[in-house]
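Notes to accompany the following structure.
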Amino acid sequence: MSFDRPLPPGPPPRRPADTMATGKGIQWLSDDYRHMARALMLARRGLYSADPNPRVGCVLVREGYIIGEGWHERAGESHAEINALEAAGNRARGATAYVTLEPCCHHGRTPPCTDALLNAGVARMVAAMPDPNPQVAGRGLTQLREAGVTVECGLLETEARALNPGFIQRMTQGRPFVRLKLAMSLDGRTALASGESQWLTNEAARQDVQRLRARSSAILTGIGTVLADDPGLNVRLPETSRQPLRVILDTALRTPPAARMLRLPGSALIFTATADATVQAPLRAAGAEIAVMPRCEWELNLPVIMAELARRECNEVHVECGPTLAGALLQAKLVDELVVYIAPLLLGDKARGLFQLPELTRMNERIELEILEVRAVGRDWRLRLKL
């Protein structure tokens, strides 16, 4: 494949190396924006597959021409920088590397990318953001700068952060990014009083949910949903090659061993307060892993569960559940993003609501949300919100 793409001739001017820390004061060129935007586009190709690693893209440019590009596809495989260097070959000497995340400088599943960049003779490094991983955290940029590479950081950082909210939060706060997905009628109901809810939304919205599932490390639900709906909680997209971990919160261990989500390909994890090995045995025989957690006011200690999922390298946790667990997560301040699909239907005041929350007696007790995005998905509307 040829990467020679004509752009305005001549390499961009070099800038002082001491501007690398935050990007403040740097006068980015239009070509800088263009190449970093391309790197971000490449990074998105790993949206469904790079987990638990971050999604990263890299573009190598020399004398105004793209000479190599790459992205990180799967953990354990080559990083974006290595793929771009392999595509560029000997032409990488003297080139500028545009990378959406600071190159790693430690031995993990693969060798350090900083060593490869230095060995290839890259002259300039433009990173969108520092790596939040404590093993890197600026040291990769420092190593390159001290070796004589011109290093700059901060170009399109907001867009780069939006690609990896879970990885950033896991590295900086020790818990995954929790995305709570709900579907409701126009009058705010999720199901009839009988529990019937299929289908509230149309096919376009359900396909959109599949994409949210596919980008997640884990899909989480409560025992009430398992008993009522027997969901599969799997990803049904032809382009995905990875099934997220399926997680059930089940205090009393009532999950049926024949539950659908235990019979599908992929791993299942049940968090419970029941330590009785006899009760656990049928579920373990069905292939489920069982983790005993402490109880608290929400039956299971939700912050401890999220910390355990982070320890298991879960970046983004996608939640599909009923009003009890949804309300508990909201009260525990563990919902980072709320995605609500609104169907143009009316179910009446006897139907079930979105959240089980304590009664509010004063308006200043209300829970306020910020709308991040509103868009049509087929006949339905999708709202993306944060607390």
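Of all non-hydrogen atoms in A80 and V56, the two that sit nearest each other are CB-O, 3.4 Å. Minimum heavy-atom separation, T201 to A183: CG2-CB, 3.9 Å. L385 and I371 get closest at one heavy-atom pair: CD2-CG1, 3.7 Å. Residues T172 and P132 come closest through the heavy atom pair CG2-CB, 3.9 Å. Closest approach of G68 to A87, counting heavy atoms only: CA-CB, 4.0 Å. Considering every non-hydrogen atom in both A92 and L85, the closest pair reads CB-CD2, 3.9 Å.
In L360, the CG atom is crowded: over 12 heavy atoms of neighbouring residues, nucleotides or ligands sit closer than 6.0 Å. Shown here is R44, whose CZ atom has no more than 12 heavy atoms of other residues, nucleotides or ligands within 6.0 Å.
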Task: Residue pair Q280, V292: steps toward the side-chain contact (heavy atoms from CB on, under 4.5 Å) verdict - done: CA-CA 10 Å; Q280 295 178 4; V292 179; 3.6 Å; yes
- [ ] Verify side-chain contact (heavy atoms from CB on, under 4.5 Å) between R38 and Y98, making sure each step is shown before the conclusion.
- [x] CA-CA 9 Å; R38 174 62 182 170; Y98 294 87; over 6 Å; no
Open item on the list: One pair to check against side-chain contact (heavy atoms from CB on, under 4.5 Å): V235 and R211. What are the steps and the verdict?
Closed with: CA-CA 8 Å; V235 178; R211 289 186 282 273; over 6 Å; no
Task: Derivation and outcome, salt bridge (charged side-chain N to carboxylate O under 4.0 Å, His left out), residues R175 and D336 - done: CA-CA 11 Å; R175 71 175 184 87; D336 298 294; 2.9 Å; yes
Task: Evaluation steps, side-chain contact (heavy atoms from CB on, under 4.5 Å), between F167 and Q169 - done: CA-CA 6 Å; F167 179 78; Q169 185 154 295; over 6 Å; no
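Here the side chains of Y341 and M184 are not in contact, with every heavy-atom distance at 4.5 Å or above. The closest side-chain heavy-atom distance from L329 to V319 is below 4.5 Å. Looking only at side-chain heavy atoms (C-beta outward), N315 and D51 come within less than 4.5 Å of each other. Between L347 and L200 there is a side-chain heavy-atom pair separated by less than 4.5 Å. When side chains are defined from C-beta on, V317 counts as touching L309, because their heavy atoms get closer than 4.5 Å. Residues L325 and L302 meet the side-chain proximity criterion, which asks for heavy atoms closer than 4.5 Å. Between I290 and R284 the shortest side-chain heavy-atom distance falls below 4.5 Å. With contacts defined as side-chain heavy-atom distances shorter than 4.5 Å, the pair K181/R213 does not qualify.
D115 places no side-chain N or O within donor-acceptor distance of the main-chain N or O of L118, the cut-off being under 3.5 Å. Although no hydrogens or angles enter the test, the distance criterion places no donor-acceptor pair under 3.5 Å between the side chain of N234 and the main chain of Q243. A donor-acceptor pair under 3.5 Å is formed between the side chain of T221 and the backbone N or O of E320. Remark: the backbone N or O of R189 is paired with a side-chain donor or acceptor of S185 at under 3.5 angstrom. When atom types are taken as modelled, the side chain of N164 and the backbone of P54 share no donor-acceptor pair closer than 3.5 angstrom. Put simply, the side chain of T100 never gets that close to the backbone of L40: no donor and acceptor are under 3.5 Å apart. At least one donor-acceptor pair under 3.5 Å links the side chain of R246 to the backbone N or O of L264. Of the possible polar contacts, none joining the R62 side chain to the T96 backbone as a donor-acceptor pair under 3.5 Å is found. No side-chain donor-acceptor contact under 3.5 Å links T240 to the backbone of A214. The backbone N or O of D276 lies less than 3.5 Å from no partner atom in the side chain of T274, so there is not a single donor-acceptor pair.
The pair R312-E289 counts as a salt bridge, with a side-chain nitrogen and a carboxylate oxygen less than 4.0 angstrom apart. The pair E337-K386 fails the salt-bridge criterion, with no side-chain N (NZ, NE, NH1 or NH2) lying under 4.0 Å from an Asp/Glu carboxylate O. Classification of D229 and R260 as a salt-bridged pair fails, no side-chain N sitting under 4.0 Å from a carboxylate O. Contact check on E73 versus R45 returns no salt bridge, with no Lys/Arg side-chain nitrogen under 4.0 Å from an Asp/Glu carboxylate oxygen. Between R362 and E365, no side-chain nitrogen of the basic residue sits less than 4.0 Å from a carboxylate oxygen of the acidic one, so the salt-bridge criterion is not met. At a threshold of 4.0 Å, the pair R139-E102 does not count as salt-bridged, since none of the basic side-chain nitrogens sits closer than that to a carboxylate oxygen. With respect to E157 and R161, a salt bridge is recorded, a charged nitrogen being found less than 4.0 Å from a carboxylate O. Salt-bridge annotation for R124 and D32: present, with a side-chain N of the basic residue lying under 4.0 Å from a carboxylate O of the acidic one. Using a 4.0 Å cut-off between charged side-chain N and carboxylate O, R366 and E368 make a salt bridge.
L156 CG to M129 CE: the interatomic distance, rounded to the nearest 0.5 Å, is 12.5 Å. Taking CD1 of I82 as the start and SG of C113 as the end, the distance is 4.5 Å to the nearest 0.5 Å. Considering CE of M125 and OG1 of T114, their distance stands at 9.0 Å, rounded to 0.5 Å. Atom CZ in R91 sits 6.0 Å away from atom CD1 in I67 (nearest 0.5 Å). Atom CG of L253 and atom CZ of F271 lie 13.0 Å apart (nearest 0.5 Å). Here the CZ-OG1 distance, from R145 to T142, works out to 5.0 Å after rounding to the nearest 0.5 Å.
For R74, the side chain to side chain donor-acceptor pair (under 3.5 Å) partners at least two apart in sequence or on another chain are S241. Taking the salt bridge (Lys or Arg N to Asp or Glu O under 4.0 Å) definition, one finds that R236 meets it with nothing, sequence neighbours left out.
Cluster annotation: L245 is not connected to I248 through the hydrophobic network of ILVMFWY side chains, with a link wherever side-chain heavy atoms come within less than 4.5 Å. In the hydrophobic clustering of ILVMFWY residues, with side-chain heavy atoms under 4.5 Å counting as a link, I305 and F177 come out apart. Follow the hydrophobic side-chain contacts under 4.5 Å out from Y48 and you never reach M41; the two are in separate clusters.
No option in L220, V178, V209 other than V209 meets the side-chain contact (heavy atoms from CB on, under 4.5 Å) test with H318. Of the residues listed (N301, V304, T251), the one engaging M293 in a side-chain contact (heavy atoms from CB on, under 4.5 Å) is V304, and it is the only one.
S217 and E316 are not linked by any side-chain donor-acceptor pair at a separation below 3.5 angstrom, with hydrogens and angles left out of the test. Side-chain atoms of E77 and N83 form no donor-acceptor pair, as typed in the model, at a separation below 3.5 Å.
Geometric assessment of R375 against the ring of W381 yields a negative cation-pi assignment under the 6.0 Å and 45° thresholds.
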